[in-house]
*Asks:* 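First the structure, then my questions, so here it is.
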Amino acid sequence: MLHHVQLTCPPGREAELRDFYGGVLGFAELEKPPVLAGRGGCWFRRDDIELHLGVDPDFRPATKAHPGVLVSDLDEWAGRLRSAGYPVRFDDDFPGMRRFYSEDCHGNRLEFLEPVA
């Protein structure tokens, strides 16, 4: 069982993460343990998905590696991201799944999937 996925972000940009993951995607922010809070970054959870965003002084967005987020109502998720100004690129190359790719506020790749009925 997977506990979490970690992506990185530039130093001092946590407010943007809160706007994106908390505001656009509706994830709840988790309180980081005090021993880790001083390192910066943010942790988020929605349903069984936990994402940790850690600070990297040499940040480069993950443009190939990505979390795959299993959702229901894929079109609603696509609309939510488009409305907030984020790209939505549908891809039909995964049999049995509808999916699209987007990116977070720092350019990290995200995949959203829904099983085909």
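Along the sequence shown, the residues carry numbers beginning at 1. When reading the values below, keep in mind they use all heavy atoms of this one structure, side chains included, and skip hydrogens, waters and symmetry mates. No experiment lies behind these values; they were computed from the predicted model shown.
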*Asks:* Can you check salt bridge (charged side-chain N to carboxylate O under 4.0 Å, His left out) on Arg45 and Glu50, steps first, answer last?
*Replies:* CA-CA 4 Å; Arg45 177 189 293 263; Glu50 192 166 310; 2.2 Å; yes
*Asks:* Going only through I, L, V, M, F, W and Y residues with side-chain contacts under 4.5 Å, is there a path from Leu110 to Val69?
*Replies:* yes
*Asks:* Flag yes if more than 12 heavy atoms outside Asp48 fall under 6.0 Å of its CG atom; otherwise flag no.
*Replies:* no
*Asks:* Do the ring centers of Phe27 and Phe44 come within less than 6.0 Å of each other?
*Replies:* no
*Asks:* Determine whether Leu2 and Trp43 fall in the same hydrophobic cluster, where Ile, Leu, Val, Met, Phe, Trp and Tyr are linked whenever their side-chain heavy atoms lie under 4.5 Å apart.
*Replies:* no
*Asks:* Rounded to the nearest 0.5 Å, how far does CG of Leu81 lie from CD of Glu103?
*Replies:* 10.0 Å
*Asks:* How about Leu25 and Asp104: do any of their side-chain heavy atoms sit closer than 4.5 Å?
*Replies:* no
*Asks:* Main chain of Leu74, side chain of Arg98: is a donor-acceptor contact present, judged purely on distance under 3.5 Å?
*Replies:* no
*Asks:* Is there a side-chain contact between Pro115 and Leu70 in this structure, where contact means two heavy atoms from C-beta onward sitting under 4.5 Å apart?
*Replies:* yes
*Asks:* Can you see which heavy atom on Gly40 is nearest to which on Val55, and at what distance?
*Replies:* C-CG2, 3.8 Å
*Asks:* Which heavy atom of Ser102 sits nearest a heavy atom of Pro87, and at what distance?
*Replies:* OG-O, 2.5 Å
*Asks:* Tell me every residue that passes side chain to side chain donor-acceptor pair (under 3.5 Å) with Glu14, counting only those two or more places apart in sequence or in another chain.
*Replies:* none
*Asks:* Locate the shortest heavy-atom distance separating Thr8 from Phe59; write the atom from each residue and the value.
*Replies:* O-CE1, 3.0 Å
*Asks:* Taking the six-membered ring where the residue is Trp, are the ring centres of Phe20 and Tyr86 under 6.0 Å apart?
*Replies:* yes
*Asks:* How about Leu7 and Tyr21: do any of their side-chain heavy atoms sit closer than 4.5 Å?
*Replies:* yes
*Asks:* Please check if Trp77 and Val116 belong to a single hydrophobic cluster, counting links between Ile, Leu, Val, Met, Phe, Trp and Tyr side chain heavy atoms closer than 4.5 Å.
*Replies:* no
*Asks:* I'd like to know whether Leu53 forms a side chain to side chain contact (heavy atoms under 4.5 Å, CB included) with Gln6, so could you lay out the CA-CA distance, the side-chain angles of the two residues, the decisive distance to 0.1 Å, and finally the verdict.
*Replies:* CA-CA 6 Å; Leu53 283 293; Gln6 180 160 324; over 6 Å; no
*Asks:* Just to verify, what does His106 make a side chain to side chain donor-acceptor pair (under 3.5 Å) with, not counting sequence neighbours?
*Replies:* none
*Asks:* So do Met97 and Glu111 actually touch side chain to side chain, heavy atoms under 4.5 Å?
*Replies:* no
*Asks:* Check the hydrophobic clustering (I, L, V, M, F, W, Y; side-chain heavy atoms under 4.5 Å; chains of links allowed) and say if Leu30 and Leu51 are grouped together.
*Replies:* no
*Asks:* Specify the closest pair of heavy atoms between Thr63 and Gly107, including all atoms of both residues, with the distance to one decimal.
*Replies:* CG2-O, 4.4 Å
*Asks:* Any heavy-atom pair between the side chains of Leu113 and Phe100 that's under 4.5 Å?
*Replies:* no
*Asks:* State whether the number of non-hydrogen atoms from other residues, nucleotides or ligands found under 6.0 Å of Phe94 atom CZ is greater than 12.
*Replies:* no
*Asks:* Quick one: sort the His4 and His52 rings into parallel, tilted or perpendicular, breaks at 30° and 60°.
*Replies:* parallel
*Asks:* Could you check if a side-chain atom of Pro67 sits within less than 4.5 angstrom of a side-chain atom of Ile49, using non-hydrogen atoms only?
*Replies:* no
*Asks:* Around atom CZ of Arg89, are there more than 12 heavy atoms of other residues, nucleotides or ligands at under 6.0 Å?
*Replies:* yes
*Asks:* Taking C-beta and beyond as the side chain, do Pro61 and Arg109 meet within less than 4.5 Å on heavy atoms?
*Replies:* no
*Asks:* In chain order, what residues pass the side chain to side chain donor-acceptor pair (under 3.5 Å) check against Asp91, with sequence neighbours excluded?
*Replies:* Arg99
*Asks:* Taking side chain as C-beta onward, heavy atoms only, is Asp19 less than 4.5 Å from Cys105?
*Replies:* no
